[in-house]
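Note: hydrogens, waters and symmetry copies are ignored here, and every other heavy atom, side chains too, is used. Predicted model, so just to flag it, every value in this text is computed and none were measured.
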Amino acid sequence: MDEHPELLPLLTVAAGPMRGASFRLRAEPLVIGRAPTGQLVVNDPHLSRCHAEVWLAPEGPSLRDLGSTNGTWLNDRRITDVERLSDGDVIRLGRTELRLFDPGVAHTDPVGLSFGPLRRDVRPTLPLPLATPPATRR
């Protein structure tokens, strides 16, 4: 996977203070929380200093709550043990929502993800139709 980092699972902040930020998962745990010593520092008062951790285990992406006060939620279910993650899963910590995209097993491609050299002979999107002005009466 190191030779193709674009195939590593991607965790994207879908809601909350860091909306739009994305992080690739690796074997080393990514600690999420308010503590400045964490790998993913989120300025959300509803998060614990070390709230949860997520990493890429040999079995696939995994998530664990680190004894947080408000809990870690996976697809609207509070977790208590290590949970395996799947493409499209939603993780909620406080008012922060994260979504997992796993390109190795994804059913859909996100816009802009390509696995080869850029091709200039193929248009990636279709142009939007132009609005025609209303006909004037005479």
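- The closest side-chain heavy-atom distance from Leu56 to Pro9 is below 4.5 Å.
- Using a distance-only test at 3.5 Å, with no hydrogens or angles considered, no donor-acceptor pair links the side chain of Asp65 to the main chain of Thr80.
- In this structure the side chain of Phe23 reaches within 4.5 angstrom of the side chain of Leu40, judged on heavy atoms.
- Connection of Leu25 to Ile79 is established within a shared hydrophobic cluster, with ILVMFWY side chains joined at heavy-atom distances below 4.5 Å, either directly or through further cluster members.
- Rounded to the nearest 0.5 Å, atoms CG (Leu47) and CD1 (Ile32) are 8.0 Å apart.
- The structure places CG of Leu85 at 8.0 Å from CG of Leu11, a figure rounded to the nearest 0.5 Å.
- In terms of heavy-atom proximity, Asp44 sits nearest to Gly94 at OD2-C, 3.8 Å.
- Residue Arg78 qualifies as enclosed at atom CZ: its count of foreign heavy atoms under 6.0 Å is above 12.
- A salt bridge is absent between Glu97 and Arg19; no separation between the charged side-chain nitrogens and carboxylate oxygens falls under 4.0 Å.
- Looking at heavy atoms from C-beta onward, Asn70 lies out of side-chain contact with Ser48 at the 4.5 angstrom threshold.
- Of the residues Arg49, His46, His51, the one that meets the side-chain hydrogen bond (donor to acceptor under 3.5 Å, both in side chains) test with Ser68 is His51.
- Residue Leu98 is tested with Val90, Leu93, Val42 for a side-chain contact (heavy atoms from CB on, under 4.5 Å); the sole match is Leu93.
- Side-chain atoms of Asp89 and Asn75, non-hydrogen and from C-beta on, do get closer than 4.5 Å to each other.
- No side-chain heavy atom of Arg99 sits under 4.5 Å from any side-chain heavy atom of Val13.
- Trp55 shares a hydrophobic cluster with Val82; the chain of contacts runs through ILVMFWY side chains whose heavy atoms sit under 4.5 Å apart.
- The hydrophobic cluster containing Val31 also includes Leu66, under a criterion of side-chain heavy atoms closer than 4.5 Å among ILVMFWY residues, counted directly or through chains of members.
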(request) Decide side chain to side chain contact (heavy atoms under 4.5 Å, CB included) for Arg92 and Asp76; before the verdict, give the C-alpha distance in whole Å, the side-chain angles of both, and the deciding distance to 0.1 Å. (result) CA-CA 8 Å; Arg92 191 168 41 84; Asp76 293 325; 4.2 Å; yes
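- Annotation: side chain of Glu53 is not in contact with side chain of Leu63 (no heavy-atom distance under 4.5 Å).
- Listed by first and then second residue, the side-chain hydrogen bond (donor to acceptor under 3.5 Å, both in side chains) pairs that reach into residues 27-41 come to none, sequence neighbours excluded.
- Under the 3.5 Å distance criterion, with hydrogens and angles disregarded, a donor-acceptor pair is assigned to the side chains of Ser22 and Thr12.
- A 4.5 Å side-chain heavy-atom check between Val54 and Ser62 finds every atom pair outside the cut-off.
- The shortest distance between side-chain heavy atoms of Glu83 and Arg64 does not fall below 4.5 Å.
- Ser86 contributes atom OG, which lies 8.5 Å from atom CG of Leu74 (distance to the nearest 0.5 angstrom).
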